[in-house]
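Beneath this line is the structure, given in structure tokens, with notes to follow.
First listed ligand is number 1; within each ligand, the first listed atom is number 1. Owing to the predicted nature of the structure, the values given are computational and were not obtained by experimental measurement.
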Amino acid sequence: NFNSGAASKTEGEANNKTEDDDKEDKAAQSYLNKLIRSSLVNNKNEVEVLQKDPNSPLYSVKSFEELRLKPQLLQGVYGMGFNRPSKIQETALPMMLAEPPQNLIAQSQSGTGKTAAFVLAMLSHVDPSNKWPQCLCVSPTYELALQTGKVIEQMGKFYPEVQLVYAIRGNKLPKGVKLQEQIVIGTPGTMLDWCAKFKFIEPKKIRVFVLDEADVMIATQGHQDQSIRIQRMLPKNCQMLLFSATFEETVWNFAQRIVPEPNIIKLKREEETLDTIKQYYVLCNSKEEKFEALCNIYGAITIAQAMIFCHTRKTAGWLAGELSREGHQVALLSGEMQVEQRAAVIDRFRDGKEKVLVTTNVCARGIDVEQVSVVINFDLPVDKDMNPDNETYLHRIGRTGRFGKRGLAINMVDSKMSMNILNRIQEHFSESHCLSHLSLPDLSHLP
Ligand code: ADP
């Protein structure tokens with residue numbers, strides 16, 4: 001009776017997909033994060049600011065009042081339960097609301113308040129008495145656009161004069177229509193059509209252009225060019241804002257093409273550490289023996305909540321099945337499940353309804369389940385060339401030791417090759433993090 005979602009895609013498609021595809025599925029990951037995120041992500045790092053004009057004073061605000069928002073918007077902000085600006089909002093908001101408008105490129109991990117920030121900027125800049133589009137916001141997918149639209153609706157709840165329309169596939173308008181809504185949110189293809197081909201929107205009247213999730217955008221074929229073509233139709237004095245969770249070279253190059261003369265804000269991810277985590281390994285000879293070992297320690301790990309990582313969906317599915325056959329209640333989170341189903345599984349796990357979550361790498365990135373204190377690597381993390389994936393190791397295990405908590409990690413080794421991988425991971429993280437050996441039959445002394 002483990003919690004498995006029905007495969008949403010056709011069998012063939014699901015089977016052909018490898019775990020690497022899951023990693024590539026950035027848009028789904030990002031959407032999943034939005035579905036499960038209910039509050040701001042903690043980040044103790046300092047915001048780095050690079051101003052277009054280094055001599056102009058840099059304002060940062062500690063309260064929403066200081067921003068002199070329209071009362072309807074302040075009401076909307078408080079209505080969402082926000083008490084004070086997030087770290088990134090402290091500097092991004094005054095910059096975006098300044099007169100004359102300033103361009104901004106901002107990068108910080110998901111959950112740090114970027115969406116809320118640019119939504120507030122869009123709502124502040126529109127003139128509701130003008131019945132035409134004034135803000136365009138492009139998102140990489142249909143789902144992400146809808147999600148951002150929801151935030152606009154929530155924050156603009158007390159400002160009903162401002163209207164919103166979705167430029168997404170399936171939303172067909174009659175020929176010759178001129179939009180009256182002040183804010184248009186959509187995907188690049190439809191947005192471009194609405195501006196260039198159907199002329200529902202007059203690009204020259206746009207005052208704010210937002211490009212969200214730039215890193216996801218460039219991972220999708222065609223989106224980069226479409227976004228640039230939209231941007232070129234906009235007036236010179238239109239405010240350009242671009243947001244991204246990560247900032248590789250490619251994202252940066254794209255950002256500079258979209259946003260001229262930008263101010264730049266960056267907030268580095270908080271480093272994960274292995275300092276407070278006890279790491280063990282168990283020597284086995286096969287998958288079956290690993291399963292046995294896992295059953296032996298099952299009682300001990302379920303005192304807390306545990307995540308078990310497998311390399312493939314197939315192993316994860318098998319393991320979840322075997323565990324539930326043994327009478328253990330486990331949840332399975334796997335790449336073939338629809339994003340909504342994944343979100344539901346994570347929610348149940350976070351609520352403590354399930355103690356053990358079996359998963360592949362899909363869930364290792366970006367998703368914080370803070371109460372996890374035991375991580376089991378049923379398979380060690382390796383990249384596609386079967387080299388140790390140190391970053392994934394740190395990310396899987398590091399989550400157990402957040403906020404000074406103590407965590408426990410158990411690595412299952414089933415061959416000389418995997419022992420070698422584990423040794424190399426250990427070397428990478430230096431001597432101070434040596435792993436202790438657990439002998440198989442007697443695991444009862446585990447903390
Ligand atoms: P990002 O776009 O960086 O992923 P969001 O704007 O979606 O971040 O914010 C993440 C979560 O934090 C959301 O649930 C949002 O409602 C909430 N949030 C955003 N800003 C604040 C704030 N100033 N105070 C409290 N919660 C906030």
Starting from [atom], locate the nearest protein heavy atom and write down its residue, its atom name and how far away it is, to 0.1 Å.
{"atom": "atom 8 (O) of ligand 1", "result": "G113 N, 2.9 Å"}
{"atom": "atom 2 (O) of ligand 1", "result": "T115 OG1, 2.5 Å"}
{"atom": "atom 4 (O) of ligand 1", "result": "G111 N, 2.7 Å"}
{"atom": "atom 27 (C) of ligand 1", "result": "F82 CE2, 3.2 Å"}
{"atom": "atom 13 (C) of ligand 1", "result": "R37 CG, 4.4 Å"}

Inter-residue atom distance [X].[atom1] - [Y].[atom2], 0.5 Å rounding:
{"X": "C135", "Y": "L164", "atom1": "SG", "atom2": "CG", "result": "10.5 Å"}
{"X": "R207", "Y": "Q182", "atom1": "CZ", "atom2": "CD", "result": "10.5 Å"}
{"X": "K52", "Y": "N103", "atom1": "NZ", "atom2": "CG", "result": "7.5 Å"}

Counting both backbone and side chain atoms, is some N or O of [X] under 3.5 Å from an N or O of ligand 1?
{"X": "M80", "result": "no"}
{"X": "Q89", "result": "yes"}
{"X": "S108", "result": "no"}
{"X": "A116", "result": "yes"}
{"X": "R84", "result": "yes"}

Side chains of Y31 and E340: any donor to acceptor distance under 3.5 Å?
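Side chains of E340 and Y31: pair found under 3.5 Å.
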
Flag for E66-S63: side-chain donor and acceptor within less than 3.5 Å:
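Their side chains do contain a donor-acceptor pair, which is all the 3.5 Å distance test asks for.
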
Salt bridge between D347 and R350, side-chain N to carboxylate O under 4.0 Å?
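Counted as a salt bridge, because a side-chain N and a carboxylate O are separated by less than 4.0 Å.
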
Looking at E48 and K268, does any basic side-chain N land under 4.0 Å from a carboxylate oxygen?
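Salt bridge between E48 and K268, a charged N being under 4.0 Å from a carboxylate O: yes.
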
With a 4.0 Å cut-off on heavy atoms, is F243 touching ligand 1?
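Contact absent.
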
Check each atom of ligand 1 against the heavy atoms of [X] and keep those under 4.0 Å away; list them by number with element.
{"X": "L40", "answer": "12 (O), 18 (N), 19 (C), 20 (N), 21 (C), 22 (C), 24 (N), 25 (C), 26 (N), 27 (C)"}
{"X": "S86", "answer": "23 (N)"}
{"X": "T112", "answer": "1 (P), 3 (O), 8 (O)"}
{"X": "K114", "answer": "1 (P), 2 (O), 3 (O), 6 (O), 8 (O)"}

Does the side chain of F309 reach to within under 4.5 Å of the side chain of T359, using non-hydrogen atoms?
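In contact.
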
Could I get the full list of ring pair (Phe, Tyr, Trp, His ring centres under 6.0 Å) partners for W252, not counting sequence neighbours?
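Applying ring pair (Phe, Tyr, Trp, His ring centres under 6.0 Å) to W252 gives F247.
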
Have a look at ligand 1 and work out which part of F64, if any, has a heavy atom under 4.0 Å from it: side chain, backbone, both or neither.
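Within the 4.0 Å criterion, F64 contacts ligand 1 through side-chain atoms alone.
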
Taking the inter-plane angle between the rings of Y78 and F64 on a 0 to 90° scale, is it parallel (under 30°), tilted (30 to 60°) or perpendicular (over 60°)?
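Plane angle over 60°, so perpendicular.
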
